[in-house]
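Notes to accompany the following structure.
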Number of protein chains: 4
Amino acid sequence: MQEQYILRIDCPDEKGLVHKITGVLYHNDLNVIRTDEFVDKEKSHFFMRTEFAGSTDEKKIISGLIGILPTDATICLNKVRKKNIVILATKEHHCLGDLLIRHHFNELNANILAIISNHQILQSLTEKFEIPFHFISHENKTREAHEIEILDTIELYQPEFLVLAKYMRVLTATFSAQFSNNIINIHHSFLPAFIGANPYRQAYERGVKIIGATAHFVNENLDEGPIIAQSIIPVDHTENANDMARLGKDVEKIVLAKALKLVFEDRIFIRENKTVIFE
Amino acid sequence: MQEQYILRIDCPDEKGLVHKITGVLYHNDLNVIRTDEFVDKEKSHFFMRTEFAGSTDEKKIISGLIGILPTDATICLNKVRKKNIVILATKEHHCLGDLLIRHHFNELNANILAIISNHQILQSLTEKFEIPFHFISHENKTREAHEIEILDTIELYQPEFLVLAKYMRVLTATFSAQFSNNIINIHHSFLPAFIGANPYRQAYERGVKIIGATAHFVNENLDEGPIIAQSIIPVDHTENANDMARLGKDVEKIVLAKALKLVFEDRIFIRENKTVIFE
Amino acid sequence: MQEQYILRIDCPDEKGLVHKITGVLYHNDLNVIRTDEFVDKEKSHFFMRTEFAGSTDEKKIISGLIGILPTDATICLNKVRKKNIVILATKEHHCLGDLLIRHHFNELNANILAIISNHQILQSLTEKFEIPFHFISHENKTREAHEIEILDTIELYQPEFLVLAKYMRVLTATFSAQFSNNIINIHHSFLPAFIGANPYRQAYERGVKIIGATAHFVNENLDEGPIIAQSIIPVDHTENANDMARLGKDVEKIVLAKALKLVFEDRIFIRENKTVIFE
Amino acid sequence: MQEQYILRIDCPDEKGLVHKITGVLYHNDLNVIRTDEFVDKEKSHFFMRTEFAGSTDEKKIISGLIGILPTDATICLNKVRKKNIVILATKEHHCLGDLLIRHHFNELNANILAIISNHQILQSLTEKFEIPFHFISHENKTREAHEIEILDTIELYQPEFLVLAKYMRVLTATFSAQFSNNIINIHHSFLPAFIGANPYRQAYERGVKIIGATAHFVNENLDEGPIIAQSIIPVDHTENANDMARLGKDVEKIVLAKALKLVFEDRIFIRENKTVIFE
């Protein structure tokens, strides 16, 4: 049985990169399963993702690549395996429920190590699926004190990614910075429209005819991290803000699940606050 | 041959409105073709649109309705006929071309009386379809002086609606106020995202995964009038701002045409900067 | 606290129907919450759905309506309440899981009385949510014998609707006839394309660029009952039949849930194998 | 100024193909603008499309590629230039009008050499754009005799592609075979649903909730050639067959234009009645 790998390379563009990179793989006798590449012409920057299989020495491949790539190239070589994640949620169950079902049937490409919530509402759902649930109330605490408690709990699990599955507390820049671009959030609007609180109320007040949801990486600027996936549904005058919120849930959960699949399969490059995604 | 009419009523909601209104139509022996109604529960406001046919005295219907409606009701009774319009454009041909073809084959529900543009690029296209074309350059003129020239030309035609088919000059509040809610614009973004100049460049910079177009009425606040129709297309990292602009054109022309159909068929109520539309 | 009702009327079209029907409601002092009507011009058939509230004598309303409607009108007056349902499933969890989560959080507008399956795979999931699970194997049984066992189990629960949540056995016409138009199925294709077995394989072989799912009522003709809701997702050459099946799951579960909402809220008329739906 | 080229290669998959192919380009000192590749795992078949620029000897590249590719590889090397096309139409103007506007403004990537129609309705529109129009009536002729007249006219122009822009006559297998996979048709349904005549009437009768359009290559089996692009719009009970036909027009013209762009930019491989498309 051969190991499977995903290789992601990005670097300033130059002639012959594909030829040279595939040469390293070819001469290591690896089975390339799929290759995608993209050159951002405006920035003259090269991106390439390759899935391959083989019995190989990872160090040898990396050193072969270093030998032929520009010195400022980023090389990321991962064995294919499930990612370890912790999920933060608040009161709404639709995203968490969807993830728990997928996880239970082994479709999430991740191990959910724990759920942390500032409310207890989702505890019984979580425990049906035998996942640890940590209730960490924010009441009577400063934002910083609350986050320190959360961080202490996260530390127990050493996750690679945090997933905000409708976690409705604003994170401090300090918190976000610790996991920069390893936090994935689902925002209940078609970003960058309706940044901030109550986007469905904002959408209703503005009288838009389409609402949406946006899954994105979280960085220090709230709601302004790199966008991973977006989707929309049409609405009309018959829907008030509550109706939009209800309709939006189905979009939110599907967009979040789609984004997580892309993240966990190492399909995404982040560069200058934007994503390059090989679906 | 009977005349066809469209009746639009909106007023504070109260019990029995549908019964009373349909009673007036029934007792005038009119043939109701279609009725739509909607009650905005938050504002407790009633909207009703009825298409009917009959040989009738319009005044008699109106006075019958006044008799049974709240005193602050708005009653709008129109014979079904084509609207008279003037189109403003700049350099891009996709929306204008689409409207000219529809108009030529009698599918626009409007008479295009003239095209006004601040460039000459679209003149030969327009004249193929035997529509008057007025070139009114904005160069070396204040915005106000330019608009006065445009207004003088518009006045020759006495249109009921102005259509901004990718007219790329910002209108003053003075100009807009004269035609308030009788100007329809196509904005090349998914409003309220990317208000202002170069929305495709903004969309590209933000790295969105969906772009869109918005047809809306123009009032004194640029890009902030009541939204009529929106549509979207997916994009990804391979599209730069120019690609998005090119892809967006097909969305823009279809959304504008759809919005105009709704306007010209008297399907829209405007209230508190939002639209109620019975498609 | 007033009771809420939903009234559905359909009958041959004639002048004054809306006026007369709303008159009955008005004179019974009922609070109309929402009214929708539609006239099928080709068939000259009238459809009307009204939500209202009030303390009333149902018989008095029905008899008032009978007095003013054509003799062949269909009148259906339901108190607003949850429907009782039984779900049939096989091995796939995505639709059942989605419905169980919605049900658990009181969002389904129905009581799930039991799950019946010809496999045991979904038993542990179901039991997490404390719903009875009946495993009724089809092995070594004729189709008829298997269905009789299922019918015996269904009879214990007296459900108003059967939901086929990816139940992969073909139902006999005899079975379907017993619940005609009270069975809702989710078909994993964009009907009427790819009727029958393995629609994703068929879609892959045909090289379509869009796949879909269809929720429909089941009658005697398999896959040919009245369509309730459809939705689609784009695919391309990179997706094989398995990929399409995986992608299709998210569409299937959302379309089924949407259709069930419409059914359980009494929003649907069925006539001549088609649906009229007031969303 | 360098020439631009598009190279398309497909062949049985084997190790190292990308490395070897890119090697040929690299050693000829060509500027690769973009490369896409895809391996069909089920058929073990490799597809690669490369855009490059350079001053080069085409024969040398081809012979270099032959040297490293399997013997049964298909190699297609095109200079980037506009394709020559003839359009066939009948009475409907929406697709033809859209193509004429795009052509007039140099956005079609093709030279429209002539329009051929079995009706005269579109003659004046065509002639506005100074394109030759050939009226070839089908009346009182056998299908074969009519096609021979059309073929004689087509021969005058020696087009590379025929575009059926709502040409409503069924082509014989003999005719189609002469241009096999060089004819592009727009079919007014979501194929394979509603093959044959009156698809909107069929869709209406079936009560579908979504309608669509399909652009495809034409081969000997009517409506069964390789699909290029599809798109859809939602409909409901309020739309009759005529309404669907009207709504469908906007989808048809956009899908046809999109498909033509893909064809004219050499983005498509056809294999076993399916398309591999690098958008």
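In the text below, chain A, chain B and the rest are named by the order of the sequence lines, each starting its count at 1.
Between the OG1 atom in T35(A) and the CZ atom in F38(D) there is a gap of 12.5 Å [rounded to 0.5 Å].
For the pair K20(D)/Y26(A), a side-chain contact is recorded, criterion being any heavy-atom separation below 4.5 Å from C-beta on. With contacts defined as side-chain heavy-atom distances shorter than 4.5 Å, the pair V39(A)/R34(D) does not qualify.
More than 12 heavy-atom neighbours from other residues, nucleotides or ligands sit within 6.0 angstrom of NZ on K274(A). Other residues, nucleotides and ligands place more than 12 heavy atoms under 6.0 Å from the NZ atom of K82(D).
Both the backbone and the side chain of N31(D) come within contact range of chain A, each with at least one heavy atom under 4.5 Å from a heavy atom of that chain. Proximity to chain D involves both the backbone and the side chain of D29(A), based on heavy atoms less than 4.5 angstrom apart.
Each of I21(D), L25(D), L30(D) has some count of heavy-atom pairs under 4.5 Å with chain A, and the biggest count is that of L30(D).
Checking T22(A), V32(A), V18(A), V24(A) one by one against H19(D), the side chain to side chain contact (heavy atoms under 4.5 Å, CB included) holds for a single residue, T22(A).
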side-chain contact (heavy atoms from CB on, under 4.5 Å) evaluation trace for D36(A) with E37(D): CA-CA 7 Å; D36(A) 293 277; E37(D) 72 234 43; over 6 Å; no

